[in-house]
Undergrad: 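Sharing a structure with you now.
FYI, side chains are in, hydrogens and waters are out, and symmetry mates aren't considered; it's all heavy atoms of this structure. To find a chain, count down the sequence lines: A is the first, B the second, and so on, and within it residues start at 1. Model, not experiment: these values are computed from the prediction.
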Amino acid sequence: MAFERRKILLVPLDPVHDIGLKMIRRGLEQAGHQTMLLPPDLPPEEIVSIMGKEHPDHVMISRTLGYGVGEVLGRFVDLADAAGLRDKTALVVGGMAVRPELAAELGFDAGFGPGTSVEEVVAFVEGRPYQPDLAGAKKQKKDITAGYAYEYRHAGIGNLLEKIVTNILTWSEGKISPGILRSRLRDESWDVESFRQGKVSREFSEAYAQLCDPVPQAFHRKGEVHPKTRRQTDQEIARLEDYLTKTKSRMTVSKVQHVEGQPKVFIQYGTGCPFMDIAHIKVCEAWGADGVVHFDPSWGARTEGFIGGFLTHQEDGSVVTPENLSWIKAALEASTLWQVRAHRGLNTAETVVLAGKLGADLTKINIAYGSLAAGTDPARLTVDGIEAIRMAVKYKLPFDVVTNEELAGVPAHKAFAGMLIVTALGRRLGARPILQPLFSYSPEVMIGGQMINNYIDFNAAKIEALRSIIDAPLWPGAPIGFLTQTEDRVQSSMTTSLHAALAASLRVDAISIASSDEAYSGGPIIAASRVDTLQAVAEGFRFFGEGRITPTVHAQQWADEMVDKIEAVLKEVAQSPTFVEALYAGLLGSKEEGAYPGRGGRGTVTEK
Amino acid sequence: MVAQGVLSRVMDALDLETFLVCSSEEEGKELAIRLMKSLGFQDVDLVFIRFGGPGARIRVRAYIYRPGQDYAWVRQIDDGEKRG
Ligand code: B12
């Protein structure tokens, strides 16, 4: 079909507003049409008289003000009718105050509301069907550890770390635990293909049951599920399948980042119900989340062994079972990074194996945090942590080394010393660890006053300090802005957004964000609150682009102090008879600082 | 209570935000909860309140589904579509 050049008269039937119309005019002209734009605020009689002289193919009316809309537009249509101008000219109306229904009611040929795209208007004028780009943002999974060499930039600290790592590996030689045995059994004898086909190996179940606490034992021997959980019914599963198919067919993913290189954004899920988790994950993907982190219930870390089944329950955290993880994996978009946390408990090593076999992209391991602030025996978590790191290497899972002991009151430099030891251990064993400092209003700064003036300096100091020690990826979390959020959704979203902007300004690799329900503990987090913070972060990224936030002089000063203190702590740890004894001695966080060596799994480490 | 009609399409909870004219935070809390109950919601909680001079800014929540319950929106999507 040959191109037909149209003559279009553009009319702002409004006291002032004409920006939208000007945009449309530019689009029409670029498409080769002839346009004529009238000034705002002309009386309808004058407009009709111009129409009579110009004989346009289309008249495009725009109305922004929401007052007297029906009256003004109605009068205009009546006058155009009376002047006999309707046969050759199409009357179109659009703008913020226009709804297509109203336009039809008033007798316009077409009506376009707010948010109409210029392409749509051009397509309409040319009589073409409008095909919006439904593909959405093209996203690809990113390896956030790519490009890091893990070289020590601080030779003194590097030497200390290497010495400590050697000691840990020597000490752990020949030591074994039920957790290690389960992880090896899962690694060698649990076939993910057979599992997917619904086959249960009796041999595996029995051998596995022998290494478990009573609750998982009852599951593997008699099929009983944990008393707090229930199985999803067949009917629920059928509906979930249906829901997923339909949702996936209309899924588009978007981007939170405004410019290349802004951090990847992770959200944390764990409503207790994998089905609700999936519903939330799909919402977050649609609003731009790059990755999702699985949160399990707190009892998961205290029980030897996993149960199975597609299980839901009404407490915080979603149970780790092969079925639950498989469903979640099946629900993810191809571009979504998936982290399954192993870090803190008696199933640390086996979680890595399970996550690896079921297709996770990342895991989480930290011996110091898990044994000082999450209830696991230091010796047990040291041997299990090493096994977990080896499995992470085998299954090619980078892992972050979280420093949540800071929330208990451990000062940042001690938490960092622990994180660096685990990172160095990972480095030695060929893993890809990721540093995870907190961006938080921690007990340390509440007492020390480093955040009296702003939230920027101390967080910037942390990044600066770590960067001066080792060339490794950084993923502040988890979530950023810990203890700065309140129940007010605007405040909560705002503080998350600003911490995200700070992270972007510091050029880190990833961040984990909370929902605007972070500080609300009266009930589960809701989907709408996840949208709040994703939108807020996107806006923060949009605002700053490649621009930077400038810390004050304190940042560098605190960074230097932090590095010195980290070195001092590592010297003490290196002099300690063993790493485990250093943990007990409080070198990486003492009882006075809120760190208590855990008891979970005490006495379960044996010599081979 | 199983959610009916449009309410069953709420993914998890319904938040109501407004400004209530009241004379204290206590009164604001009571009014906020009463407002939700008067609208027929049972599982309600005040998420946020800030009182100042003329009254209180509130955000009050009614859970339609808590995790682990039977979410009717799955079925509703089916019902809404014609099946051959
Ligand atoms: C820019 C602006 C102004 C500028 C206008 C400059 C100009 N030359 O246009 C100025 C500062 C002058 C102005 C003044 C006023 N404004 Co003003 N203004 C806005 C503002 C910020 C943006 C509007 C805009 O241009 N949007 C961008 C364009 C691209 O969007 P759009 O118009 O919707 O157009 C799109 C579609 O609707 C569609 N479209 C538009 N027209 C048409 C036509 C056709 C045929 C088709 C197919 C499609 C189509 O395509 C476009 C592309 O997507 C809005 C608030 C906001 N953030 O939206 C308030 C707003 C529109 N203004 C408002 C008001 C009240 C006023 C004043 C009356 C305030 C006052 N009392 O003084 C005055 C006018 C005074 C007067 N003299 O009468 C109110 C209207 C509220 C209401 N319920 O009606 C708003 C919503 C702000 C608010 N929330 O209070 N304003």
Side-chain angles (χ1 to χ4, degrees), chain A residues 228-233 235-247 249-250 269-280 282-283 311-319 485-492 515-532, chain B residues 1-3 6-20 25-26 28-30 32-33 35-37 41-52 55-84:
Chain A
K228 284 181 175 175
T229 66
R230 74 168 175 86
R231 284 179 197 271
Q232 302 269 17
T233 64
Q235 201 191 17
E236 281 173 322
I237 297 173
R239 279 189 213 140
L240 171 58
E241 262 173 0
D242 211 36
Y243 173 78
L244 252 185
T245 314
K246 291 201 174 92
T247 307
S249 73
R250 52 168 200 264
Y269 68 86
T271 61
C273 173
F275 193 156
M276 186 60 94
D277 287 342
I278 287 171
H280 280 198
K282 298 317 285 177
V283 171
L311 304 181
T312 182
H313 76 152
Q314 297 211 7
E315 275 181 33
D316 200 60
S318 297
V319 188
Q485 287 101 351
T486 69
E487 294 96 328
D488 175 9
R489 65 192 281 264
V490 176
Q491 186 279 342
S492 189
S515 75
S516 64
D517 280 343
E518 173 66 12
Y520 168 67
S521 66
I525 289 169
I526 66 169
S529 303
R530 297 186 175 281
V531 168
D532 284 349
Chain B
M1 185 190 79
V2 175
V6 189
L7 269 186
S8 66
R9 291 291 189 96
V10 171
M11 186 171 269
D12 35 30
L14 187 118
D15 280 3
L16 193 147
E17 297 192 29
T18 191
F19 195 94
L20 292 175
E25 184 173 315
E26 277 318 299
K29 279 184 186 166
E30 193 271 325
I33 298 294
L35 171 63
M36 292 308 262
K37 293 256 161 100
F41 297 112
Q42 302 301 316
D43 187 0
V44 300
D45 191 27
L46 187 66
V47 177
F48 170 73
I49 183 163
R50 177 170 165 181
F51 175 79
R57 171 78 171 98
I58 59 152
R59 181 185 195 191
V60 60
R61 174 171 298 176
Y63 281 96
I64 309 298
Y65 307 113
R66 283 181 180 258
Q69 288 180 338
D70 185 9
Y71 320 121
W73 35 260
V74 195
R75 270 168 290 166
Q76 297 281 328
I77 288 178
D78 288 351
D79 294 348
E81 280 168 25
K82 292 183 196 87
R83 294 202 147 185

Undergrad: Below 30° counts as parallel, above 60° as perpendicular, anything between as tilted: where do the rings of B:W73 and A:Y243 land?
TA: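 Ring orientation of B:W73 relative to A:Y243: tilted.
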Undergrad: With a 4.5 angstrom heavy-atom cut-off, is it the side chain or the backbone of B:D43 that approaches chain A, or both, or neither?
TA: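 Contact with chain A: none, neither part.
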Undergrad: How about CZ on B:R50, more than 12 heavy atoms from neighbouring residues, nucleotides or ligands closer than 6.0 Å, or not?
TA: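 No, CZ of B:R50 has 12 or fewer neighbouring heavy atoms, counting only those of other groups under 6.0 Å.
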Undergrad: A quick test of your reading: do over 12 heavy atoms of other residues, nucleotides or ligands sit less than 6.0 Å from CG of A:D316?
TA: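 No, the 6.0 Å shell around CG holds no more than 12 heavy atoms from other groups.
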Undergrad: Output, in order, the C-alpha distance, side-chain angles, deciding distance and verdict of side-chain contact (heavy atoms from CB on, under 4.5 Å) for B:D12 and A:T271.
TA: CA-CA 11 Å; B:D12 35 30; A:T271 61; over 6 Å; no
Undergrad: I'd like to know if A:D517 and B:R61 make a salt bridge, using a cut-off of under 4.0 Å between side-chain N and carboxylate O.
TA: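 So A:D517 pairs with B:R61 through a salt bridge.
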Undergrad: A quick test of your reading: do over 12 heavy atoms of other residues, nucleotides or ligands sit less than 6.0 Å from CD of B:E30?
TA: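 Enclosed.
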Undergrad: Any chance you could lay out the side-chain contact (heavy atoms from CB on, under 4.5 Å) test for A:R489 and B:F48, step after step, and finish with the verdict?
TA: CA-CA 8 Å; A:R489 65 192 281 264; B:F48 170 73; over 6 Å; no
Undergrad: In terms of heavy-atom pairs under 4.5 Å, which option from A:V283, A:I526, A:T312 contacts chain B the most?
TA: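 That would be A:I526.
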Undergrad: Which one, A:S318, A:G522, A:P524, leads in non-hydrogen pairs under 4.5 Å with chain B?
TA: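 Option with the greatest count: A:P524.
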Undergrad: Which heavy-atom pair separates A:E487 from B:V47 by the least distance, and what is that distance?
TA: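 In terms of heavy atoms, the two residues are closest at CB-O, 3.1 Å.
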Undergrad: Is it the backbone or the side chain of B:L46 that comes under 4.5 Å from a heavy atom of chain A, or both, or neither?
TA: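 For B:L46, the contact with chain A is made by the backbone alone.
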Undergrad: May I ask you to name which of A:A528, A:A519, A:G523 has the most heavy-atom pairs under 4.5 Å with chain B?
TA: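 Going by pairs under 4.5 Å, I would pick A:G523.
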Undergrad: Between CG of B:D70 and CZ of A:R239, what distance do you get to the nearest 0.5 Å?
TA: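 It is 5.0 Å, given to the nearest 0.5 Å.
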Undergrad: If you count heavy-atom pairs under 4.5 Å between each of B:Q69, B:R59, B:M11 and chain A, which one has the most?
TA: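 Most heavy-atom pairs under 4.5 Å with chain A: B:R59.
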Undergrad: Give me the atom names and distance for the closest heavy-atom approach of B:G68 to A:C273.
TA: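 Taking B:G68 first and A:C273 second, the nearest heavy atoms are N-CB, 3.4 Å.
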